[in-house]
Structure formats: C-alpha cells, structure tokens
Amino acid sequence: KNQVEQSPQSLIILEGKNCTLQCNYTVSPFSNLRWYKQDTGRGPVSLTIMTFSENTKSNGRYTATLDADTKQSSLHITASQLSDSASYICVVSSSGGYQKVTFGTGTKLQVIP
Amino acid sequence: NAGVTQTPKFQVLKTGQSMTLQCAQDMNHNSMYWYRQDPGMGLRLIYYSASEGTTDKGEVPNGYNVSRLNKREFSLRLESAAPSQTSVYFCASSEFRQGRNTEAFFGQGTRLTVV
C-alpha cells in the first residue's frame with residue numbers, strides 16, 4: 001500500500017531559526033513529490049515539486065531535497081517568519097494520473113516570536 | 001483570476017439531510033477533484049473528473065455523488081448525510097500534460113458538520 005509518513009507531527013520554533021521537516025514514502029512507481037503549505041482554514045498551496053532526477057529545489061526560504069534511493073524528502077525552512085506557521089504536507093504521485101496521489105498527514109509548524 | 005471557488009464555506013446538517021457542495025474553477029483545467037480532510041489523516045480523494053463528461057471514484061466514494069456540470073464546475077452531493085461525513089471538504093483542479101500532473105490548485109474548503 002502506498003504510504004507517506006511525515007515527521008515530526010508538530011514543531012514549535014523561534015522566529016528567525018531554521019527547521020527541517022521530513023517525509024518518507026513507499027509510493028511506487030514514483031512520479032513526483034510535492035510539498036504543500038496549508039494555512040489554517042485555507043486550502044493547500046504548492047511550494048515545490050521534484051521528479052526522480054531532481055534532488056533539490058528551492059522556493060525562496062524553502063528548500064526541498066529528495067533522495068529517491070532511500071525514498072526520503074526533506075523541507076528546510078531558513079530564517080523562519082511568523083507567516084511560516086502552517087501545516088506542511090508532503091504529497092507523492094505515482095505514474096499514470098493525478099488520482100494516484102498519496103498525501104501525508106502533515107507537520108504542523110508554529111513559529112513564535 | 002479567482003482560482004478555485006467553493007461554496008458554502010460552512011454548513012451544519014442534520015443526519016439524513018441532503019446537500020450539494022459547489023466548486024468552480026476559472027483556470028481552464030481539465031481535471032477536477034473532491035477531497036476530504038480529517039484530523040490526523042491526509043487528504044483523501046472522494047471522486048475525480050479527469051475531463052468534462054467523465055467522473056470516477058476515488059479512495060472514499062461511499063455516501064457521495066458528483067456531477068461535472070461543465071468544464072468549470074464540479075459538484076459533490078451528499079444524499080443522506082451521516083455524522084461520519086463531518087469533515088473539511090476541498091475541491092481542486094489541475095491539468096494532466098505530457099504524462100504528468102501539473103500543480104493542483106485547491107479551494108478554501110467547506111467545513112461540514114453533521115449532527
């Protein structure tokens with residue numbers, strides 16, 4: 001069964017600090033991996049997408065890495081801001097169509113002043 | 001562009017009542033989806049429509065029906081609501097191009113409570 005596991009479940013960090021969120025997956029065959037940010041009461045918004053051949057992708061202060069051999073991804077947030085407080089969801093697609101998508105349960109990040 | 005618009009944003013139903021959740025997108029996407037999000041679980045696909053005129057079941061379709069009214073609109077209907085359908089519902093749309101899905105755009109969600 002395709003699975004996406006994220007850790008930690010929740011995280012509290014001080015404003016200005018860095019943090020790294022983890023994603024392990026067992027989805028096969030692998031097509032791509034996305035990280036989404038979901039603010040409270042809003043729908044998810046895509047941050048990055050990586051395919052099998054990509055091992056790092058940046059979007060401003062967000063940097064995602066992918067190790068397709070170990071089936072692990074991480075999302076690194078640099079110099080955190082209060083607006084980074086949100087849930088971050090790892091989403092893995094298998095080949096063949098969007099319906100073959102597995103969502104992780106997310107990491108809830110709280111940035112405090 | 002409004003993106004993906006869902007209505008209503010909040011709804012309370014009594015067990016056994018019916019209702020339709022509306023979704024419209026203005027990005028000319030072919031594919032549209034309905035998900036539910038429950039605490040401690042990832043988003044789960046209820047139904048999807050790969051293109052206008054087609055609909056298919058997702059992971060958790062029981063108790064729901066859908067209609068792809070046209071390219072823009074994809075509605076989700078609960079015929080006889082049950083407390084287990086208390087959830088946050090998200091509509092999304094995307095394109096499928098060159099063997100890959102483009103980014104999915106999500107609506108703001110409908111928070112449904114069935115009492």
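Proteins come first, then strands; the chains are lettered A, B, ... in the order of their sequence lines, and each starts at number 1. Just the heavy atoms: all of them, side chains too, but no hydrogens, waters or symmetry mates, feed the values below.
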Notebook entry, point to check: What distance do A:Tyr36 atom OH and B:Phe106 atom CZ have between them, rounded to the nearest 0.5 Å?
Noted result: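 Between atom OH of A:Tyr36 and atom CZ of B:Phe106 there are 5.0 Å.
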Following the transitive rule for hydrophobic clusters with a side-chain heavy-atom cut-off under 4.5 Å over Ile, Leu, Val, Met, Phe, Trp and Tyr, establish whether [X] and [Y] coincide in one cluster.
{"X": "B:Val115", "Y": "B:Val88", "result": "no"}
{"X": "B:Ile46", "Y": "B:Met19", "result": "yes"}
{"X": "A:Leu66", "Y": "A:Tyr62", "result": "yes"}
{"X": "A:Phe103", "Y": "B:Tyr47", "result": "no"}
{"X": "A:Val4", "Y": "A:Leu21", "result": "yes"}

Margin query: If the contact rule is any heavy atom under 4.5 Å from chain B, which residues of residues 105-113 of chain A qualify, in numerical order?
Written below: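 The stretch touches chain B at A:Thr105.
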Checklist line | Heavy-atom pair with the smallest gap, counting every atom of A:Gln38 and B:Phe90 | finding: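 The answer is NE2-CZ, 3.3 Å.
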Notebook entry, point to check: Of the listed residues (A:Ser46, A:Gly41, A:Cys90), which shares the most heavy-atom pairs with chain B below a 4.5 Å separation?
Noted result: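 Highest number of heavy-atom pairs under 4.5 Å: A:Ser46.
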Margin query: At a heavy-atom distance under 4.5 Å, which candidate from B:Gln6, B:Gln108, B:Gln37, B:Arg44 has the highest pair count against chain A?
Written below: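 Result: the option with the highest number of such pairs is B:Gln108.
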Note to self: So for A:Gln6, is it side chain, backbone, both, or neither that comes closer than 4.5 Å to the heavy atoms of chain B?
What the structure shows: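 It is neither, since no heavy atom gets under 4.5 Å.
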